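Report on the following structure.
Note that the coordinates shown come from a computational prediction; the quantities given were computed from them, not determined experimentally. Just the heavy atoms: all of them, side chains too, but no hydrogens, waters or symmetry mates, feed the values below. When a ligand or atom number is given, it counts from 1 through the structure's own listing order.
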Amino acid sequence: MKIVALAGGVGGARLADGLSQVLDPESLTVVVNTGDDFEHYGLYISPDLDTVCYTLAGLANPATGWGRADESWNAFEGLGALGGETWFRLGDRDLATHLERTRRMRAGDRLTQITLDFCRAWGVRPTVLPMSDKPAPTVVLTEEGELPFQDYFVRQRCRPHVMGFRLQEGLRPAPGLLEAIGSADAVVLCPSNPWVSIDPILAVAGVREALAKTYVVAVTPIIGGQAVKGPAAKMYAEMGILPSAVSVARHYQSLLDSFVLDSTDSGLENEIEMIGLKVFVTNTIMKSSNDRRELAEGVLRWIEGDRKQ
Ligand code: FO1
């Protein structure tokens, strides 16, 4: 089965990793959010692309989910000693990625090509695509004004109250993205933040139209009213929406054929079916590599069975 996974940060990367353990490399394409990208120290930084690629390569820091494992912080400490900005941590191994990506983007290379080359260098075999080669900065609209994404997420630790988001609408999709969705048997919306990880991908020109022509299943990023990681539940609450798997199902509703609900929330199954979605209830918490593979296997089996009906 050919699968396209839409993913953002840590949660999405983990399911993408599970899918890469189960599917042949040529049967999996991971499309990654670039709305978190920003320039820092003159470097073009693409956190979700790096989180997905590092995770698929087995290079990710297991504690944080972002950045590299076995990292050292010599350059970063040197920056601090010089009075440089230290709110966004850049490890020595991670810096190589940002330096080389920035050098190649300044030379005119496309983010898509850079990502494919980095994946080859890191031994990542599935295809990983940015959602677009064009900059797509997500702006967070808060009660304290408009904030660039990393300012909100890292510098301010998601404290400001969110009122909404401004996404880049109608961006040109990365080469091959729409074709990958068009030839997929199914698309999996990974358990990433619906607002700032998945919605930016859905806003890329042609993506919603392409999804309408194929089987789409979303894996809940909210369990028991809480996000597994990150501010998704807080964002829902601040925008007056009850943080729950039902709210996520409604968030994507028109795009979905079915929804993967965590066993903790099995009581919500009927409510989600009432809005017209079929529901697969399973354990969606991924603490280990084995959990990632098991969730991926379960979702693929679900898709196989549900598509046939
Ligand atoms: N997140 C933090 O909370 N603090 C950091 O210092 C930080 C540094 C960082 C460096 C590289 C990278 O790829 C990601 C990094 N992140 C950090 C995570 C990043 O802000 C988020 O993972 C995404 O933007 C949202 O998923």
Within the 6.0 Å centroid threshold, strictly below: Tyr54 and Trp122: yes
Proximal ligand 1 atoms for Asp36, defined as those under 4.0 Å from one of its heavy atoms: 23 (C), 24 (O), 25 (C), 26 (O)
Backbone or side-chain N or O of Arg89 under 3.5 Å from ligand 1 N or O: yes
Closest to atom 9 (C) of ligand 1 (judged by heavy-atom distance), picking from Tyr54, Phe38, Phe88: Phe88
Ligand 1 contact on Arg157 by region, counting heavy-atom pairs under 4.0 Å: neither
Partner set under salt bridge (Lys or Arg N to Asp or Glu O under 4.0 Å) for Glu179, not counting sequence neighbours: none
Pair Tyr41-His98, side-chain donor/acceptor within less than 3.5 Å: no
Distance-only N or O hit between ligand 1 and Ser46, under 3.5 Å: no
Aromatic ring pairing Trp302/Phe280, orientation class (parallel under 30°, perpendicular over 60°, tilted between): parallel
Numbered atoms of ligand 1 (with element) below 4.0 Å of Gln150, judged on heavy atoms: 20 (O), 24 (O)
Approximate separation, where rounding is to 0.5 Å, of Tyr152 OH and Arg159 CZ: 10.0 Å
Spatial distance of atom CZ (Phe165) from atom CE (Met235) [nearest 0.5 Å]: 4.0 Å
Heavy-atom proximity to atom 18 (C) of ligand 1, best of Phe149, Trp66, Trp87: Trp66
Contact check: His98 vs ligand 1, nitrogen or oxygen atoms, below 3.5 angstrom: no
NZ/NE/NH1/NH2 to OD/OE distance under 4.0 Å, Arg293 and Glu297: yes
Side chain, backbone, both or neither: Ile45 near ligand 1, heavy atoms under 4.0 Å: neither
Ligand-residue contact atoms, ligand 1 with Gly9, heavy atoms, under 4.0 Å: 26 (O)
Path from Val52 to Ile114 over hydrophobic side-chain contacts below 4.5 Å: yes
Atoms in ligand 1 with a heavy atom of Asp48 nearer than 4.0 Å: 23 (C), 25 (C), 26 (O)
Shortest protein contact, atom 13 (O) of ligand 1 (heavy atom only): Pro47 CA, 3.3 Å
